[in-house]
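No hydrogens, no waters, no symmetry mates; every other heavy atom, side chains included, goes into these values.
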Amino acid sequence: MNSAQLQSYLDNRPNAKLRDVVAEILYDEIVSLRIAPGSKLNVNSIASNLGISRTPVAEAIISLHERGFVTTKEDANGYFVIDLSMRDMIDLYDLRKSIECEAAALCAMQASEAAIAELERLANKFKEYVLTGDTAGMIATDLPFHLLIIESCGNTYVKKCYDLLLPNLTMYQASMMNIVNSASDNPWATNVIYNHLAVVGAIKMHIPELARQAMGEHIDSSLSFTMYSGGNTDPFNYARSKAKK
């Protein structure tokens, strides 16, 4: 992060408050893993890098804490980026599976034709990006695909539950894209590439149970892919080491 980066963000949002722009910068740095998971956020250092006072930085960090991307620790002072681990991802994906399988089934019953068309577009673009190794493209199409299913399911409580998962899920999705790009020999790779299209196919046919099954298989495949990528170690150590370089 530097003053030129801050100015670029300010140019795009000239009427935004400085604390909100700083929060946006930190958010982008965190979800792209340029700030390593588990890192302590040093207010003085960030303020110095951006060429601003400490106040908007501190306010930005508090905002990210309220949104779930930053946490505190009982045995340490300050704020830390949420950490990643295979054990935590398993717990997260257990709950994610329950919510998204139901959302997919509801979409098969009531999603609009426009929503289905957009889901199909995102699924095809995701496949293209995985096959070409375009990490930015994968990130730009993966989570939006899942969010559109949540938005289109017609159940506000499903959306509220999913919103609670989003900070952690966003981090894991970004990290997984780096793993996808570095593990082409993974036996679960084909499943990950084509699962989105299977989910869309079930929704297009308006078969709720098939959509529920396809989504469950997709989430299980994503988890298995990630676990295999780590071999006998936690695969998110790779994300940490890459972010710290």
**Asked** If Ile, Leu, Val, Met, Phe, Trp and Tyr residues are connected whenever their side-chain heavy atoms lie under 4.5 Å apart, and connections chain through other members, are Val81 and Met1 in the same group?
**Response** yes
**Asked** Can you hop from Leu95 to Leu166 via hydrophobic side chains spaced under 4.5 Å?
**Response** yes
**Within one Ile-Leu-Val-Met-Phe-Trp-Tyr cluster: Leu164 and Met171, side-chain cutoff 4.5 Å** = no
Run the side-chain donor-acceptor check on residues 137-150: report pairs under 3.5 Å with partners two or more places apart or on a different chain.
residue	atom	partner	partner atom	Å
Thr141	OG1	Gly137	O	2.9
Thr141	OG1	Met138	O	3.4
Asp142	OD1	His196	NE2	3.1
Asp142	OD2	Gln173	NE2	2.6
His146	ND1	Arg96	NH2	3.3
His146	ND1	Glu100	OE1	2.5
His146	NE2	Arg96	NH2	3.3
His146	NE2	His196	NE2	3.3
His146	NE2	His218	NE2	3.2

**Sidechain-backbone polar pair: Lys40 side chain, Asn77 backbone, donor-acceptor under 3.5 Å** = yes
**Fill in**
In terms of heavy-atom contacts, Ala202 and Ala108 come closest through O-CB, 4.3 Å
**Asked** Transitively linked via ILVMFWY side-chain contacts under 4.5 Å: Ile116 with Met205?
**Response** no
**Test: Lys160 cationic atom under 6.0 Å from Tyr157 six-membered ring centre, within 45° of axis** = yes
**Request:** Could you check if a side-chain atom of Leu18 sits within less than 4.5 angstrom of a side-chain atom of Leu6, using non-hydrogen atoms only?
**Result:** yes
Taking only distance into account, with no hydrogens and no angle test, what donor-acceptor pairs under 3.5 Å do side-chain atoms of residues 45-72 form with protein atoms, sequence neighbours excluded?
residue	atom	partner	partner atom	Å
Asn49	ND2	Ser45	O	3.3
Arg54	NE	Asn44	OD1	2.5

**Message:** If hydrophobic clusters are built by linking Ile, Leu, Val, Met, Phe, Trp and Tyr wherever their side-chain heavy atoms come under 4.5 Å apart, do Val158 and Leu92 end up in the same one?
**Reply:** yes
**Item:** Smallest separation among heavy atoms of Leu106 and Cys153, with atom names
**Value:** CB-O, 3.5 Å
**Asked** Donor-acceptor pair, Ser8 side chain versus Ala4 backbone, under 3.5 Å?
**Response** no
**Message:** With a 4.5 Å cut-off on side-chain heavy atoms, are Leu169 and Tyr93 touching?
**Reply:** yes
**Item:** Between CD1 on residue Ile35 and CG on residue Leu26, distance to nearest 0.5 Å
**Value:** 5.5 Å
**Message:** If you compare all heavy atoms of Glu217 against all heavy atoms of Asn195, which two are closest, and at what distance to 0.1 Å?
**Reply:** O-OD1, 3.9 Å
**Sub-4.5 Å side-chain heavy-atom contact between Gln213 and Ile207** = no
**Prompt:** Would you say the side-chain atoms of Asn124 and Glu120 include a donor-acceptor pair closer than 3.5 Å?
**Reply:** no
**Fill in**
Note: Ala211 and Ala104 closest approach over all heavy atoms is CB-O, 3.5 Å
